[in-house]
Student: 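Before we start, here is the structure in question, set down as structure tokens.
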2 protein chains.
Amino acid sequence: MQQIKDIVDTLRNEGFRITPQRIAIIKYVIDTQSHPSAEAIHKIIQKKYPMVSLATVYKTLDLLRKMSMIQELGFADGSARYEANVGKHINIVCVRCGRIEDVDEHSLSGLESKVAEKSKYEIFSRRFELYGHCNECKRKKETQARR
Amino acid sequence: MQQIKDIVDTLRNEGFRITPQRIAIIKYVIDTQSHPSAEAIHKIIQKKYPMVSLATVYKTLDLLRKMSMIQELGFADGSARYEANVGKHINIVCVRCGRIEDVDEHSLSGLESKVAEKSKYEIFSRRFELYGHCNECKRKKETQARR
DNA sequence: TTATATGCAAACTTTTTGCACATGC
DNA sequence: GCATGTGCAAAAAGTTTGCATATAA
């Protein structure tokens, strides 16, 4: 689990400035479990800090991604969602309500090295997702798929 | 491995019409290993059939996706790429050159049922990706990441 | 002090949509 | 013949960019 302090220190060491905007964004992304979109992050942060612009949210998320501190999950509807959990895990995505949850799965380590050997790729990161219906949505009848 | 004939038959049985545009798109997507974008599909198909519009490519891909005949892989740069291999496999994505290759991995079955049980989700489909550098790009020095 | 970061608005990219015309069955 | 599909162009949605202003160090 990443700490806000570690991220801030790393940014500072790399010569990046620590602004209130960046702190607010980092704090929210690190703490949430909700895999938010850039717009969702912006809306929530604006409640406390109305001066934060959407462009700054995008720029900060881009910075954090380039520093490998967060992972960006692009979807085919053109949106992207972000998570601070960059460790080995599987995302389960409910295609009805859009919810995303993490499931730890350490057997992924063996899988990765096996695939790296077979393919001759050098692996840096991963995106493992299973799509289905969450427990709540399983019960609901009108299965209007989001994507 | 899916056959063009099967897909065409299924579409016909479901009441969809078989047009030259749809046949061309289905044929190309089924045969290629290249995980193309909608625009790439459009460009290639236009060489043979100049009358096919990009909108039709999108509409057909959407239809095929809804029929679970292809999988759509969205990326955070807003683009999507398509593959006809909907079976259990891992995509390895070269973040330098954008190449995507498939690696079969049947141990994914056990993984999926384990996660389904743990999470109470009902799983329909999957997207397992490993990001790194392909064998060629490993050797090249200027590692300009695409995303 | 000064290079970096922010905010705004405009630009860009990709995908979707509305509608008149064409066509598969 | 008629409901479905196509092509075009315009709209939408999400993200990026340019530039003047603000600010962290």
Student: Nearest of C/dT6, D/dT15, D/dG7 to any side-chain atom of A/T60?
Tutor: C/dT6

Student: From the options C/dG7, D/dT15, D/dG7, select the nucleotide whose nearest atom is closest to the side chain of A/Y58.
Tutor: D/dT15

Student: Does the side chain of A/L130 come within less than 4.5 Å of B/L111's, by heavy atoms?
Tutor: no

Student: I want to verify a distance call: between D/dT15, C/dT14, D/dG14, whose nearest atom is closest to the B/E39 side chain?
Tutor: C/dT14

Student: Rounded off to whole Å, could you give me the CD1-to-P distance for the B/I23 and D/dT6 pair?
Tutor: 11 Å

Student: Write down the distance between NE2 (A/H42) and C1' (C/dT6), rounded to a whole number of angstrom.
Tutor: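 Spelled out: NE2 on A/H42 to C1' on C/dT6 is 12 Å.
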
Student: Sorted by first residue and then second, give each salt bridge (charged side-chain N to carboxylate O under 4.0 Å, His left out) pair with at least one member in residues 113-124 of chain B; sequence neighbours left out.
Tutor: A/E105-B/K114

Student: If I take atom CG in residue B/L54 and atom C1' in nucleotide D/dA10, what distance separates them, rounded to the nearest angstrom?
Tutor: 14 Å

Student: What is the distance from CD of B/Q46 to P of D/dT6, rounded to the nearest Å?
Tutor: 14 Å

Student: For residues B/V93 and B/H35, determine if any side-chain heavy atom of one lies less than 4.5 Å from a side-chain heavy atom of the other.
Tutor: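 No; the side chains remain at least 4.5 Å from each other.
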
Student: Let me have a per-nucleotide readout for nucleotides 17-25 of chain C, 5' to 3', with B, S or -, counting only protein heavy atoms under 4.0 Å.
Tutor: BB----BBS

Student: Starting at CD1 of B/I25 and ending at C1' of D/dG5, how long is that distance when rounded to a whole Å?
Tutor: 11 Å

Student: So, OP1 or OP2 of D/dG14: does either fall under 4.0 Å of a side-chain N or O from A/S79?
Tutor: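 So the side-chain polar atoms of A/S79 never come under 4.0 Å of the phosphate oxygens OP1 or OP2 of D/dG14.
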
Student: Using the side chain to side chain contact (heavy atoms under 4.5 Å, CB included) criterion, which residues pair with A/H42? Sequence neighbours excluded.
Tutor: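 Expected list: A/Q46, A/L54, A/V57.
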
Student: What is the distance, rounded to the nearest whole Å, between atom CG of A/L61 and atom P of D/dG14?
Tutor: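 Going from CG in A/L61 over to P in D/dG14 covers 15 Å.
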
Student: If the test is side-chain contact (heavy atoms from CB on, under 4.5 Å), which one of A/L63, A/L64, A/I70, A/D62 qualifies with A/K66?
Tutor: A/D62

Student: Is A/R127 positioned over the aromatic face of A/F75, cation under 6.0 angstrom from the ring centre and no more than 45 degrees off axis?
Tutor: yes

Student: In whole angstrom, give the distance that lies between atom CD of A/E14 and atom C1' of D/dA24.
Tutor: 17 Å

Student: Please tell me which of A/T56 and B/Y82 maps to the more 5' nucleotide of DNA chain C, matching each residue to the nucleotide holding its nearest heavy atom.
Tutor: A/T56

Student: According to a strict under-4.0 Å criterion, is A/R22 in side-chain N/O contact with OP1 or OP2 of D/dA24?
Tutor: no

Student: A/I45 CD1 to C/dG7 C1': how many Å, rounded?
Tutor: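 It is 15 Å, rounded to the nearest whole Å.
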
Student: Any side-chain heavy-atom pair from B/E72 and B/L61 closer than 4.5 angstrom?
Tutor: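 When only atoms from C-beta onward are counted, B/L61 and B/E72 do not touch, as no gap falls below 4.5 Å.
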
